Amino acid sequence: MVRDVFLAFARVHILHHAAEERIFGVGMMKELARHGYRIGPGTLYPLLHRLESDGLLSSETQVEGGKSRKYYVITRKGTLALKQIRAKVGELAHEVLPD
Ligand SMILES: [Zn+2]
């Protein structure tokens, strides 16, 4: 149950960061680890793919120094979703956190 909630939070982090700049898997894993989420590639990549297939992220592959890396940015649909989520996060924090 806790894991499900944390995975939902991780999705919010991903959308938030993809709204600020283009993100990629390894970088996002480090960012989530910084926040205390231990999410490995076997969990993160399916999350990114799901967000993309839901139309919330779009990706582009770039080759750098012979290595290809997939970058994700938020879509218009993702931006609208993030806006709705932000309102709910604010409301939830207000409700469940002590003053
Ligand atoms: Zn973050």
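These numbers come from a predicted model, not from an experiment.
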S.K.: Within this structure, what is the CE-CD1 distance for the pair Met29 and Ile23, rounded to the nearest 0.5 Å?
M.R.: 11.0 Å

S.K.: Looking only at heavy atoms, what is the nearest atom pair of Pro41 and Pro46, with distance?
M.R.: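 Answer, listing the atom of Pro41 first, then Pro46: O-CD, 3.6 Å.
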
S.K.: With a cut-off of 3.5 Å and sequence neighbours excluded, list every side-chain donor-acceptor pair involving residues 74-86.
M.R.:
residue, atom, partner, partner atom, Å
Thr75, OG1, Gly55, O, 2.5
Thr75, OG1, Leu56, O, 3.1
Thr75, OG1, Lys77, N, 3.4
Thr75, OG1, Gly78, N, 3.0
Lys77, NZ, Asp54, O, 2.8
Thr79, OG1, Thr75, O, 2.9
Arg86, NH2, His16, ND1, 3.2

S.K.: Would you give the length of the straight line joining atom CG of Leu48 to atom OG1 of Thr43, rounded to the nearest 0.5 angstrom?
M.R.: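 Going from the CG atom of Leu48 to the OG1 atom of Thr43 covers 11.0 Å.
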
S.K.: Which residue pairs pass the ring-ring contact (aromatic ring centres under 6.0 Å, His included) test with at least one member in residues 30-62, sequence neighbours excluded?
M.R.: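 Counting only pairs at least two positions apart or across chains, the ring-ring contact (aromatic ring centres under 6.0 Å, His included) contacts touching residues 30-62 are Phe6-Tyr37, His13-His35, His13-Tyr37.
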
S.K.: Distance-only, no hydrogens or angles: does the Gln62 side chain make a donor-acceptor pair with backbone N or O of Lys70 under 3.5 Å?
M.R.: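 No, because the side chain of Gln62 does not come within donor-acceptor range (under 3.5 Å) of the backbone of Lys70.
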
S.K.: For Arg3, what residues pass the salt bridge (Lys or Arg N to Asp or Glu O under 4.0 Å) criterion, not counting sequence neighbours?
M.R.: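 Residues passing salt bridge (Lys or Arg N to Asp or Glu O under 4.0 Å) with Arg3: none at all.
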
S.K.: Check Ile39 against Ala10 and note the closest heavy-atom contact, atom names and distance.
M.R.: CD1-CB, 3.6 Å

S.K.: Test of understanding: with side chain to side chain donor-acceptor pair (under 3.5 Å), list the residues that count as partners of Glu95, not counting sequence neighbours.
M.R.: none

S.K.: Do Tyr71 and Val73 sit in one hydrophobic cluster, given that two such residues count as connected whenever their side-chain heavy atoms are within less than 4.5 Å of each other, even indirectly?
M.R.: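 No, separate clusters.
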
S.K.: Can you name the nearest heavy-atom pair linking Leu44 to Gly25, along with the distance?
M.R.: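 Looking at all heavy atoms of both residues, the shortest contact is CD2-O, 3.1 Å.
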
S.K.: Just jot down the side-chain contact (heavy atoms from CB on, under 4.5 Å) partners of Val5, sequence neighbours excluded, or say none.
M.R.: Met1, Phe9

S.K.: Just jot down the side chain to side chain donor-acceptor pair (under 3.5 Å) partners of Arg34, sequence neighbours excluded, or say none.
M.R.: Glu31

S.K.: Would you compute the distance between atom CD of Glu60 and atom CZ of Phe24 and round it to the nearest 0.5 angstrom?
M.R.: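 These two atoms lie 13.5 Å from each other.
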
S.K.: Taking the side chain as everything from C-beta on, heavy atoms only, tell me whether Thr61 gets closer than 4.5 Å to Arg69.
M.R.: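 A side-chain contact under 4.5 Å is absent here.
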
S.K.: Heavy-atom distance under 4.5 Å between the side chains of Leu57 and Ile14, does that happen here?
M.R.: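 Yes - at least one pair of side-chain heavy atoms lies under 4.5 Å apart.
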
S.K.: Check whether any side-chain heavy atom of Tyr72 lies under 4.5 Å from a side-chain heavy atom of Arg22, and answer yes or no.
M.R.: no

